[in-house]
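Notes to accompany the following structure.
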Amino acid sequence: MFHFCIMGGHGGELTAGQKVCVVVFGGCEFRLPTLAKQILENRRRAQHGLPKRTHLFITICGGTQLKSPTLAEEFMAMREAINSGVLTMEDWDAAVVELAAEEGLRYASVTLMGGFDASELPEENEEVDGLAINRHLGHIPDEAGTTLELGVGQRGAQRVAIVRRALATAVGARA
């Protein structure tokens, strides 16, 4: 898929399909796929012998951001994958190690007189609001929500470990 943004803005989710995004005098913000989506996409590509997709971002006098999903989104996507039987906790553990070793999502960027940020975390209020709303609606159990709150502002392995711990809490509570 091809995105062209000139003197405007675009926001959306970065999907597994090969993407080329050109930004001229504008701004784009893409939400990265959850770890569960990345694991399932990598599994599908490996089963069919397909190469990993690379995303290309060209930014001229503008800004492009790749933003991590919120902790609530990560938790709910992984719980849904486990509840549906598509993934197990063991699959999660093995796949997260693979994603970390291979840097997960592949991308290349060219930026001239602009900015490119590939590791933008959700803002603290977005994280806290997402957790509060989903706890109130019953999508996230209280104990898992308390664990997920520890991940606000965390990056990398710490963030993944907190999601894993909250998931173990929620799955253990059901059993």
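- Looking at every heavy atom in both residues, Gln154 comes nearest to Gln158 through OE1-CB, 3.7 Å.
- In terms of heavy-atom proximity, Pro141 sits nearest to Ala170 at CG-CB, 4.0 Å.
- For the residue pair Arg135 and Asp142, the shortest heavy atom distance occurs at NH2-O, 3.1 Å.
- No continuous path of hydrophobic side-chain contacts links Met76 to Leu121 [ILVMFWY only; heavy atoms under 4.5 Å].
- Using a 4.5 Å cut-off on side-chain heavy atoms (C-beta onward), Val24 and Cys61 make no contact.
- The local environment of CD in Gln47 is crowded, with over 12 non-hydrogen atoms from other residues, nucleotides or ligands closer than 6.0 Å.
- Under the 4.5 Å side-chain criterion, counting only non-hydrogen atoms from C-beta, Thr70 is not in contact with Phe75.
- Looking at Thr88 and Asp91, their side chains come closer than 4.5 Å, going by heavy atoms from C-beta outward.
- Atom CZ of residue Arg44 and atom CD1 of residue Ile39 lie 15.0 Å apart, to the nearest 0.5 angstrom.
- Using a 30° and 60° split on the angle between ring planes, Phe57 and Tyr107 fall in the perpendicular class, above 60°.
- Without hydrogens or angle criteria, Arg164 side chain to Trp92 main chain gives no donor-acceptor distance under 3.5 Å.
- Heavy-atom minimum distance, Thr147 versus Ala166: CG2-N, 3.8 Å.
- Between Cys28 and Cys5 the shortest heavy-atom distance is SG-CB, 3.9 Å.
- Between Glu120 atom CD and Phe30 atom CZ the span is 14.5 Å, to the nearest 0.5 Å.
- No donor-acceptor distance shorter than 3.5 angstrom exists from the side chain of Glu127 to the backbone of Pro122, with no hydrogens or angles considered.
- Hydrophobic cluster membership differs between Leu137 and Leu167, with clusters built from Ile, Leu, Val, Met, Phe, Trp and Tyr side chains linked at under 4.5 angstrom.
- With hydrogens and angles disregarded, no donor-acceptor distance shorter than 3.5 Å links the side chain of Asp93 to the backbone of Glu90.
- With hydrogens and angles ignored, the 3.5 Å screen pairs a side-chain donor or acceptor of Arg31 with a backbone N or O of Ser68.
- Under a hydrophobic-cluster definition in which Ile, Leu, Val, Met, Phe, Trp and Tyr are linked whenever side-chain heavy atoms come within less than 4.5 Å, directly or via other members, Val23 and Ile58 are assigned to different clusters.
- Counting heavy atoms from C-beta outward, Leu66 and His55 have side chains that stay 4.5 Å or more apart.
- Contact between Leu14 and Pro33 at its shortest, heavy atoms only, is O-CD, 3.4 Å.
- A continuous path of hydrophobic side-chain contacts links Val86 to Ile82 [ILVMFWY only; heavy atoms under 4.5 Å].
- Atom CG of Leu148 sits about 8.5 Å away from atom OG1 of Thr169, to the nearest 0.5 Å.
- Contact annotation: the side chain of Asp129 never approaches that of Glu123 to less than 4.5 Å [non-hydrogen atoms, C-beta and beyond].
- Applying side-chain contact (heavy atoms from CB on, under 4.5 Å) to Leu131 and the options His139, Glu126, Glu149 leaves one that passes, Glu149.
- Heavy atoms from other residues, nucleotides or ligands lying under 6.0 Å from CD of Glu80 number 12 at most.
- Note on Met7 and Ile60: same hydrophobic cluster, where clusters join Ile, Leu, Val, Met, Phe, Trp and Tyr whose side-chain heavy atoms are under 4.5 Å apart, directly or indirectly.
- With rounding to the nearest 0.5 Å, the separation of CD1 in Ile162 from CZ in Arg165 is 6.5 Å.
- For the pair Met78 and Thr34, the minimum side-chain heavy-atom distance is 4.5 Å or more.
- Residues Glu73 and Lys67 are not paired through a salt bridge, judged by the lack of any N-O separation under 4.0 Å between the basic side chain and the carboxylate.
- A donor-acceptor distance shorter than 3.5 angstrom exists from the side chain of Glu74 to the backbone of Leu35, with no hydrogens or angles considered.
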